[in-house]
Every structure is written in structure tokens, then in C-alpha cells.
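The model shown is predicted, which means the values in this text are computed figures rather than measured ones.
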Amino acid sequence: HTRAHTPHATRHTPHAHAHAHAHARTAWPPHRRSMEPLLLAPKHARSRRRFASARPAAALALVFFAALLLAASELSSGPDRLEAKPEEAGKKCGQGDGSCKRRAAAIKKIGAISIGALATIKIASALMKKPESAGSLPGQTYLGSGIRAKGPISVYSVQMYVGNRAKNALAKFKGKSLKGDKAFLDAFNGGNFQKTVQIKMLRTVAPSKMISAFNDAVSARVSKSTYSKVSESLDALLTKSFTEGTSTKGTEITFSMSGGTAFSISVNKVSQGSIWSADVCKAFTDLYVGKNAVSPGARDSIISGVESMLSS
């Protein structure tokens, strides 16, 4: 019985093999077959991106190669231009038939070609470099920027952003000149839309000076009773944020006022913590937009940005 069925069970004809292969392909789930192009698409997309990113480098390589070819053409332009005769090898320029002078002129020309090629590469690199965009926070609108200076010394740069709800919240001020408008400043400082202030240190400052400066700025903008309630938590947050390692040139500190009540600080995009106080949120907003803003230039730029946002 086993021998009678074994040949039938193990026989594989070309037709049977093809039928089995076709069956294996059709056995794929329909949704799997429909996803094949999607599964392949990212790979092709990555290939296109790699090819596109390689083109600038190839262009620079061609420029430099062209300069080398020009230099080589000068070097191989003939013995009468670059080579002195054996008997004139020891003569100084200005003697004989001037072959030494021709050699010096050719070398200068090669040097000029090389400098031109390097300058071309540098200019091309600068043109291909993507400029940094001021408005780069997702879901927020860039308003303006400026410099916080202490006398002639620039301490840090300032940029301010607002959330998408700001435009509706401030719609009644559309078409108005907002500089010095107290009603606008009150609405802006007290608004519960997202407000973000980014500062970037332009010089290294002692942490104690940064901490005391912000503590003093808040205490001057809130009542004594309010400051006594928030001073401890605010000082702890500032002390954690401004350290010997972060109060240095190039560090980016972000003050975030969310919902009109949550104030938080992040350093180089790393959260340092938050405190809940509507008064602290208003104080930090007024610090850069109010009548006595620490940077009048930044304040005017931010207010102009609000006017542009409302008119758009």
C-alpha cells in the first residue's frame, strides 16, 4: 500500500512545480500583495535622497577637477615655457632668454587658478547651505527677536513665538497700532494661548547673576504676597536651569508659558521642570513685551510681528 502511493506522493513534474509556485504566490494575503509598493517606496525614496545629497558634492568635485586640469595644461604646455636649457639652469631670472621668468609667470598663473577654484568651492558651499529659519517651532508663529544687552555688552538673543490660538484671542486689535497700547499689552500678557521665549547666550555669564536677574525681574512685576508664595519654587527652577555648564555662550534656554498658568524652562531642549503660576507667566511675558522690557528692540520687533500676524 505504501509503495503504491509513494510514486504519486513524491512525483514532481515541471507542470506540477509551476502550479505549486503559482499557488504559493496566490496564497499571499491580498492585503500583503497590495502593500508591496508601499513597502518598497521608502527604500526608493531613501535612494533618491542619497542621490540628491550627493549632487552638490559631485559639482564641487568637478570644479576642483577642472582647476587641476588647467594647472596640468600649464605644466605640460611645452619645454620652451617651463623648462630652462641645461646650460641656463644655474642662471638667475633676468638673465639668458627669460625662461626662468616664464616659469615664474606660469607658477603664478597656476596659483591664481588654484585660489580661484578654492574660492568657487567656498562660495558654492555657502550657497548650498540651508539658512536657519527663525520660525521653527511646530504649531507656533514666530513674532520677533532682539538682543538683551547690559550697557555695550550683548548678553543673549531673544526670540518669541505664540500658539495658533493667539490670532483669534487678539483679533479685536487687528488693524491697530499696538506699540504702547495698554489694552493690548494686558490682553497679550494675560492671554491663555501658548507663549514661548527662546534666549541664546551670546557670552558666558556667572549662574548667580542670571538667577538673581530673573528673580528680581519677576519680583518687580508681581505683588509682594504673590512673590513670597512663588519665590522658593521659582528660585529652585532657575538654579536648576542656570549652572556653570549651561550659563555659557551658545546655550539655548526656553521659557514656556502654557495655558496662562504653567511656566516651564528647558535648556538645550531638555526640560528642567515647571511651576504653576499665572502671575509668573504674566511676569515673564511682560519682561520681553511690556513697557519696561529688558530689550526694547526685541519688544518692538515682537509687537510688529503681532500686527503682521493679525493682518495676514
Side-chain angles (χ1 to χ4, degrees), residues 130-149 156-202 214 217-218 220-223 226 230 234 237 241 252-312:
K130 185 179 180 181
E132 295 183 0
S133 174
S136 59
L137 294 183
Q140 298 191 52
T141 301
Y142 167 78
L143 294 181
S145 59
I147 300 295
R148 165 62 167 130
Y156 57 80
S157 62
V158 182
Q159 290 186 344
M160 190 166 193
Y161 306 79
V162 289
N164 294 330
R165 292 190 299 168
K167 188 172 182 178
N168 289 333
L170 303 172
K172 64 181 180 180
F173 298 102
K174 181 178 179 179
K176 296 182 179 180
S177 177
L178 303 179
K179 186 176 180 181
D181 188 328
K182 187 178 183 305
F184 161 73
L185 292 177
D186 291 342
F188 189 88
N189 293 345
N192 60 7
F193 49 85
Q194 175 70 34
K195 294 183 282 285
T196 303
V197 175
Q198 283 186 342
I199 69 173
K200 188 171 185 179
M201 301 298 294
L202 300 179
F214 283 111
V218 172
R221 288 169 170 81
V222 299
S223 65
T226 298
V230 302
L234 176 61
L237 180 57
S241 302
E252 183 181 272
I253 298 108
T254 302
F255 303 128
S256 180
M257 287 69 76
S258 304
T261 56
F263 173 78
S264 60
I265 301 178
S266 63
V267 177
N268 291 331
K269 297 182 173 36
V270 178
S271 177
Q272 304 300 306
S274 59
I275 59 177
W276 295 88
S277 173
D279 292 307
V280 172
C281 290
K282 291 178 182 178
F284 265 86
T285 305
D286 186 75
L287 183 62
Y288 296 102
V289 185
K291 179 180 178 181
N292 299 315
V294 294
S295 173
R299 176 196 58 205
D300 294 345
S301 175
I302 291 167
I303 292 176
S304 295
V306 174
E307 293 173 347
S308 298
M309 176 187 70
L310 295 177
S311 63
S312 62

Q: Give every residue pair that meets the side-chain hydrogen bond (donor to acceptor under 3.5 Å, both in side chains) criterion with at least one member in residues 272-285, sequence neighbours excluded.
A: none

Q.
Give me the atom names and distance for the closest heavy-atom approach of Ser308 to Ser311.
A. O-OG, 3.0 Å

(Q) For a quick check under 3.5 Å, do Ser301 and Ser304 share a side-chain donor-acceptor pair by atom type? (A) no

Q) Taking side chain as C-beta onward, heavy atoms only, is Leu137 less than 4.5 Å from Thr196? A) yes

Q) Which pairs, with at least one residue in residues 164-178 and sequence neighbours excluded, count as a salt bridge (charged side-chain N to carboxylate O under 4.0 Å, His left out)? A) none

Q.
Let me confirm one number: the OG-CD1 distance from Ser241 to Ile253, rounded to the nearest 0.5 Å.
A. 8.0 Å

Q. Got a sec, which pairs hit salt bridge (charged side-chain N to carboxylate O under 4.0 Å, His left out) with one end in residues 140-149, sequence neighbours left out?
A. none

Q) Partners of Ala187 by side chain to side chain contact (heavy atoms under 4.5 Å, CB included), sequence neighbours excluded? A) Leu170, Phe173

Q: For Asn268, enumerate each residue passing the side chain to side chain contact (heavy atoms under 4.5 Å, CB included) test, keeping only those at least two apart in sequence or located in another chain.
A: Thr251, Glu252

(Q) So, using salt bridge (Lys or Arg N to Asp or Glu O under 4.0 Å) as the criterion, who are the partners of Arg221 when residues are at least two apart? (A) Asp286

Q) Residues two or more places apart in sequence or in another chain: which of them pass side chain to side chain donor-acceptor pair (under 3.5 Å) with Ser177? A) none

Q: For Ser258, enumerate each residue passing the side chain to side chain contact (heavy atoms under 4.5 Å, CB included) test, keeping only those at least two apart in sequence or located in another chain.
A: Gln194, Ser256, Ala262

(Q) Whether Lys195 engages the ring of Phe193 as a cation-pi pair (distance to the six-membered ring centre under 6.0 angstrom, angle to the ring normal within 45°) should be assessed. (A) yes

Q. Which is it for Thr254 and Ile265 under the side-chain contact (heavy atoms from CB on, under 4.5 Å) test, yes or no, and what are the steps along the way?
A. CA-CA 6 Å; Thr254 302; Ile265 301 178; over 6 Å; no

Q: With sequence neighbours left out, write down each residue that passes side chain to side chain contact (heavy atoms under 4.5 Å, CB included) with Ser145, or none if nothing qualifies.
A: Tyr142, Gln159

(Q) Show me the pairs that pass ring-ring contact (aromatic ring centres under 6.0 Å, His included) and involve residues 284-312, at least two apart or across chains. (A) Phe214-Phe284, Phe255-Phe284, Phe263-Phe284

Q. In Å and rounded to the nearest 0.5 Å, what is the CG to OH distance from Leu202 to Tyr156?
A. 10.0 Å

**Q.** Set of salt bridge (Lys or Arg N to Asp or Glu O under 4.0 Å) partners for Lys179, sequence neighbours left out
**A.** Asp300

Name the atoms and distances for all side-chain donor-acceptor pairs under 3.5 Å in residues 289-299, with sequence neighbours left out.
from, atom 1, to, atom 2, distance (Å)
Ser295, OG, Ile147, O, 2.8
Ser295, OG, Ala298, N, 3.2
Arg299, NH1, Lys291, O, 2.9

(Q) Looking at every non-hydrogen atom in both residues, tell me the closest pair between Ala283 and Val222 and how far apart they are. (A) CB-CG1, 4.2 Å

(Q) When you compare the side chain of Val162 with that of Gln140, does any pair of heavy atoms fall below 4.5 Å? (A) no

(Q) Do Phe188 and Ile303 have side chains that approach each other closer than 4.5 Å (heavy atoms only, starting at C-beta)? (A) no

Q. Donor-acceptor pair, Gln198 side chain versus Met160 backbone, under 3.5 Å?
A. no

